[in-house]
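Fair warning: this is a prediction, and the values are worked out from it, not measured in the lab. Whatever order the structure lists ligands and atoms in, that order sets their numbers, starting from 1.
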Amino acid sequence: MDQNALKALVGQEAVKYVEDGMILGIGTGSTVRYMIDALGERVKNEGLSIVGVATSDRSAKQARDLGITIKQLDEVDHLDLTIDGADEVDDNFQGIKGGGGAHLWEKIVAINSKKNLWIVDESKLVHHLGKFPLPLEVIPFGSSHVLEKLDKMGFKPAFRMKEDGTHVLTDSKNYIIDLHLGRIDHPHELANTLNGVVGVVEHGLFLDTVNTVIVGRQNGPEVLNARD
Ligand SMILES: O=C[C@H](O)[C@H](O)[C@H](O)COP(=O)(O)O
C-alpha cells in the first residue's frame with residue numbers, strides 16, 4: 001500500500017468511532033480528507049445523524065458538499081469526539097500539527113472535545129518530535145520582529161511562503177512561521193517558552209491531547225490508546 005492508501009485506510013477506520021447523535025470535531029489535512037469522504041458515505045447510506053464542527057474552511061466545505069451538517073464551534077455546547085491528522089506523533093503520544101496551517105483552530109476544537117482521535121500513516125510515528133518543522137501561527141503586525149526574536153532564541157525560524165512570494169495565510173488571516181528544530185527534547189518546556197512570545201498566537205505542539213491514535217500499517221490499521 002502506498003501512503004495515500006494507508007491514509008484512506010485509517011480514514012475509513014476512524015469513522016467507525018462515530019455514533020449517531022454525536023457532535024464531531026472534524027480536523028484538516030490530506031488524511032482527514034479520506035475520513036470526511038467516509039463520513040459522508042455513512043451519512044448518505046446509513047442516515048447517520050451528526051453535527052460536525054470543522055477546523056478549517058476547506059474541511060467545512062468538503063463536509064457540507066457531502067451533506068454533513070456543519071456548525072460553528074460557538075453554536076454547540078460540547079464536542080463528543082474530534083478526529084484529526086498529525087504531522088508527528090512520538091512514543092509518549094505527544095504530537096506536532098499544523099503542516100497545513102490549521103493548528104490554531106484544531107487546537108481550540110481539540111481542547112473542547114471530550115475525546116481526541118488522530119489518524120496517521122506509519123511514517124508519522126517518531127521517537128522524538130522535531131524533525132518536522134514546528135509551525136507557529138503569528139499575527140502579521142510586527143511579525144518580522146517576532147521572527148528575529150525567534151532566530152536569536154536559536155529556533156531557526158522561517159516564514160511559510162507561497163510560490164508567488166506572498167505569505168501563506170491561515171483561515172484567521174495570520175502568518176505561519178516554521179521552526180526548524182531538528183529534535184525537541186523537552187516539548188513542555190518549549191511550549192511554555194513559545195506561549196510567552198508576544199505575537200505568536202499558537203504553536204503546533206499538541207501535548208497531552210490525544211486519547212487514541214489509529215496508525216495505518218501495511219498489514220492493517222493499528223489502534224494505540226494513550227489515555228482516557
Ligand atoms: O494543519 C494541518 C493539520 O494539523 C494536519 O492535520 C496535519 O498537518 C496532518 O496533515 P496530513 O494528513 O495532510 O499529513
Atom 12 (O) of ligand 1 - nearest protein heavy atom and its distance: Thr31 OG1, 2.6 Å
Nearest protein heavy-atom contact for atom 4 (O) of ligand 1: which residue, which atom, what distance? Glu106 OE1, 2.6 Å
Please state which part of Val120 comes within less than 4.0 Å of ligand 1, counting heavy atoms only: side chain, backbone, both or neither. neither
Quick one: does ligand 1 sit under 4.0 Å from the side chain of Pro135, the backbone, both or neither, non-hydrogen atoms only? neither
Compare Gly29, Ser30, Ser59 and give the one whose heavy atom is closest to atom 13 (O) of ligand 1. Ser30
Under the side-chain hydrogen bond (donor to acceptor under 3.5 Å, both in side chains) criterion, do Glu41 and Asn45 qualify, and how do the steps go? CA-CA 6 Å; Glu41 287 293 309; Asn45 298 336; 3.2 Å; yes
Hydrogens and angles aside, do Trp105 and Ser172 bring a side-chain donor and acceptor to less than 3.5 Å of each other? yes
Has Arg33 got any heavy atom lying under 4.0 angstrom from an atom of ligand 1? no
Has ligand 1 got any nitrogen or oxygen that is less than 3.5 angstrom from a nitrogen or oxygen of Asp87? yes
Consider only side-chain N and O atoms of Asp121 and Ser123, and report whether a donor and an acceptor are under 3.5 Å apart. yes
Please determine, by modelled atom types, if Gln12 and Asp37 share a side-chain donor-acceptor pair under 3.5 angstrom. no
Show the atoms of ligand 1 that are less than 4.0 angstrom away from any heavy atom in Gly85. 6 (O)
Heavy-atom nearest neighbour in the protein, as seen from atom 5 (C) of ligand 1, with distance rounded to 0.1 Å: Thr28 O, 3.1 Å
Is the Lys NZ or Arg CZ of Lys7 less than 6.0 Å from the centre of Tyr34's six-membered ring, within 45° of the axis? no
Using a 4.0 Å cutoff against the non-hydrogen atoms of Asp84, which atoms of ligand 1 qualify? 6 (O)
Please tell me whether Asn116 and Thr209 have a donor and an acceptor in their side chains that are separated by less than 3.5 angstrom. no
Between His180 and Asp178: side-chain donor-acceptor atoms closer than 3.5 Å: no
For ligand 1, is there an atom lying under 4.0 Å from some heavy atom of Gly101? yes
Pairing donors with acceptors under 3.5 angstrom, does anything connect the side chains of Asp91 and His128? no
Lys124 heavy atoms, cut-off 4.0 Å: which ligand 1 atoms fall inside? 11 (P), 12 (O), 14 (O)
salt_bridge(Glu222, Arg217) N-O dist < 4.0 Å: yes
Atom 2 (C) of ligand 1: the protein heavy-atom neighbour that sits closest, reported with distance to 0.1 Å: Gly100 N, 3.1 Å
Any nitrogen or oxygen of Gly99, main chain or side chain, under 3.5 Å from a nitrogen or oxygen of ligand 1? yes
